[in-house]
Trainee: 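Here it is, the structure, as structure tokens.
A note on names: the letters A, B, ... follow the listed sequences, proteins ahead of strands, and every chain is numbered from 1.
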There are 2 protein chains.
Amino acid sequence: MSLIPDISPLTLNRLSVYLRCLRILEAEGETKVSSGALADRFELSPAQIRKDLAHFGEFGVRGVGYDVESLGAHLHELLGLNAQHNLVVVGIGNLGSALCSFLGFNDSSFRVVAGVDADPERVGKQVGDITVQPLEALETVVESAGIEMGVLTIPPEAATQCYERLVASGIRSILNFAAVQLPHRSDVRVKNVDFRVFLEELAFFRRDPS
Amino acid sequence: MSLIPDISPLTLNRLSVYLRCLRILEAEGETKVSSGALADRFELSPAQIRKDLAHFGEFGVRGVGYDVESLGAHLHELLGLNAQHNLVVVGIGNLGSALCSFLGFNDSSFRVVAGVDADPERVGKQVGDITVQPLEALETVVESAGIEMGVLTIPPEAATQCYERLVASGIRSILNFAAVQLPHRSDVRVKNVDFRVFLEELAFFRRDPS
């Protein structure tokens, strides 16, 4: 494993986007792409692409561009996607059910291997590849299924307690969809997702179409 | 309406986050907050806060900080949240259903006023405040309900066609959850959301816990 320089979540999100774009080009049979062509095709910034990738080594060849397959493989490894990360989804309502069946959460890098819910009516239900288990079983499930990431798709009032239980079970990576500020712990990484932020971005640009 | 300087989606997303933080402080009865205190409490960068807000005028008073209520009100207006934006959700599966009932999509700034689905079994179903209508009615629904934003929560293979229909109906703001690259149009703003990117960020930090 090579040394990884400091990298911000924003840079990281761009690397994810580049990887996605490279996979599309690869599927289309492209073998080389310049930063300019990549930027044009996917509405990205060529200077930003060059800057982001230059952080991690010399990938491009001047006048030729990047090798689509090898750059994709490198980003894949850099993002930690060579390993399979097992997920538990906590809360199998509509959003939890959608995520359990989501293809991007069920491939060679990520896999929803368990789902738990407090509602007895949901327990035993088949969602995607999993059978919903009772919330009480959370700790057992985490241990027995080799889970390393938790996804919180429960109401805000239950989120903090479930967070604590996940952390106590050894989980250090949490994707949180509940509208609540989880307690900070320096050894746990929480990624909060608030759909509202996306709408606010769209609302802003309605004021000032450009 | 004051002149709005150039602003990137990333800055905009941070303004949304600041607004959210200010609302929490306001609910707690705080009237003043310094950039340092705001940063500490919500794990933000004080320098970034000062820089972002300085773009839009002189809000802070040195040694006193920001007025929680008036800064909140200003950001609210700046983000275009004083108007109510009506939404149509296209595709009322699990994710679409979750969004129809999501509080952040149903307040004085945003409101899901319609939902459509191609599946006859879903038509007529009550979800949140709306009754699911058939996909064929999309254009009629957009016009009659004064809709200005579309949310695509349909399978990728149907997304492009629904996008074109929304645009033809006059919609210029689209929140897209479908894993597909929609055709670029300079007069339409599309915000793509891919849950996978959030997991990739968590996966990266598992390699290099800090």
Side-chain angles (χ1 to χ4, degrees), chain A residues 1 4 7 9-10 12-13 15-17 19-21 24 42-43 78-81 83 85 87 93-105 109-110 148-149 151 153 172-175 179 181 184 186-187 189 191 193-209, chain B residues 1 4 6-7 9-10 12-13 15-17 19-21 24 42-43 78-81 83 85 87 93-99 101-105 109-110 148-149 151 153 172-175 179 181 184 187 189 191 193-210:
Chain A
M1 192 186 297
I4 297 175
I7 179 172
L10 294 177
L12 211 43
N13 291 164
L15 297 183
S16 287
V17 170
L19 175 56
R20 201 154 281 105
C21 297
I24 293 173
F42 297 102
E43 296 167 49
L78 182 74
L79 289 166
L81 302 178
H85 304 282
L87 315 174
N94 281 315
L95 180 59
S97 298
L99 295 179
C100 285
S101 312
F102 178 49
L103 287 180
F105 281 25
S109 304
F110 300 103
E148 48 170 303
M149 293 185 176
V151 181
T153 45
R172 292 294 174 265
S173 304
I174 312 258
L175 183 57
Q181 197 195 352
H184 174 69
S186 60
D187 60 340
R189 185 160 283 266
K191 176 73 186 172
V193 180
D194 181 347
F195 297 122
R196 168 80 174 211
V197 170
F198 310 128
L199 281 190
E200 292 187 353
E201 185 181 326
L202 289 173
F204 174 84
F205 286 106
R206 288 198 59 77
R207 295 182 54 131
D208 185 31
Chain B
M1 189 186 301
I4 298 175
D6 275 348
I7 181 173
L10 294 178
L12 211 44
N13 291 163
L15 297 182
S16 288
V17 170
L19 175 56
R20 200 153 282 105
C21 297
I24 293 173
F42 297 102
E43 297 167 47
L78 183 74
L79 290 167
L81 302 179
H85 304 282
L87 315 173
N94 281 315
L95 179 58
S97 298
L99 295 179
S101 312
F102 178 50
L103 289 180
F105 281 24
S109 303
F110 299 103
E148 48 170 302
M149 292 184 176
V151 181
T153 45
R172 292 293 174 268
S173 304
I174 312 257
L175 183 56
Q181 196 196 353
H184 174 68
D187 59 341
R189 185 162 284 268
K191 177 72 187 174
V193 180
D194 181 346
F195 297 122
R196 168 78 176 213
V197 169
F198 310 127
L199 281 190
E200 291 186 355
E201 185 182 326
L202 288 172
F204 175 84
F205 286 105
R206 288 199 58 79
R207 293 182 54 130
D208 187 28
S210 57

Trainee: Below 4.5 Å from any heavy atom of chain A, which atoms of B:Phe195 appear? Answer side chain, backbone, both or neither.
Mentor: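 Both backbone and side chain.
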Trainee: Under a 4.5 Å heavy-atom cut-off, does chain B meet the side chain of A:Glu201, its backbone, both or neither?
Mentor: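 Contact with chain B: backbone and side chain both.
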Trainee: In the structure I gave you, are the side-chain heavy atoms of B:Leu87 and A:Leu199 within less than 4.5 Å of one another anywhere?
Mentor: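 Result yes, sub-4.5 Å side-chain heavy-atom pair found.
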Trainee: Highest number of heavy-atom pairs under 4.5 Å with chain B: which of A:Val17, A:Thr153, A:Asp194?
Mentor: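 Most heavy-atom pairs within the cutoff with chain B belong to A:Asp194.
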Trainee: Side chain, backbone, both or neither: which part of A:His184 has a heavy atom under 4.5 Å from chain B?
Mentor: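 Looking at A:His184, backbone and side chain both touch chain B.
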Trainee: With a 4.5 angstrom heavy-atom cut-off, which part of A:Leu81 approaches chain B: side chain, backbone, both or neither?
Mentor: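 For A:Leu81, side-chain heavy atoms alone lie under 4.5 Å from chain B.
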Trainee: Find out whether A:Leu12 and B:Phe205 are in side-chain contact, i.e. whether some heavy atom of one side chain is under 4.5 Å from a heavy atom of the other.
Mentor: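 The answer is yes; the side chains approach within 4.5 Å.
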Trainee: Considering residues, nucleotides and ligands other than B:Leu103, do more than 12 of their heavy atoms fall under 6.0 Å from its CG?
Mentor: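 No, because the 6.0 Å sphere around CG of B:Leu103 holds 12 heavy atoms or fewer from other groups.
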Trainee: Could you tell me how the ring of A:Phe198 sits relative to the ring of B:Phe198: parallel (under 30°), tilted (30 to 60°) or perpendicular (over 60°)?
Mentor: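 The rings of A:Phe198 and B:Phe198 lie parallel, inter-plane angle below 30°.
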Trainee: Applying the side-chain contact (heavy atoms from CB on, under 4.5 Å) test to B:Leu202, which of A:Met149, A:Arg172, A:Glu148 qualifies?
Mentor: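 That would be A:Met149.
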Trainee: Identify which part of A:Val197 has an atom lying under 4.5 Å from any heavy atom of chain B, answering side chain, backbone, both or neither.
Mentor: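 For A:Val197, backbone and side chain are both near chain B.
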Trainee: Of the backbone (N, CA, C, O) and the side chain (C-beta and beyond), which part of A:Leu15 lies under 4.5 Å from a heavy atom of chain B, both, or neither?
Mentor: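 Contact with chain B: none, neither part.
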Trainee: Side chain, backbone, both or neither: which part of A:Gln181 has an atom under 4.5 Å from a heavy atom of chain B?
Mentor: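 Looking at A:Gln181, just its side chain touches chain B.
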Trainee: Is A:Leu95 in contact with chain B via its backbone, its side chain, both, or neither, using a 4.5 Å heavy-atom distance?
Mentor: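 For A:Leu95, heavy atoms of backbone and side chain both lie under 4.5 Å from chain B.
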Trainee: Counting heavy-atom pairs under 4.5 Å to chain B, which of A:Ala179, A:Ser101, A:Ser97 comes out on top?
Mentor: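 Option with the greatest count: A:Ser97.
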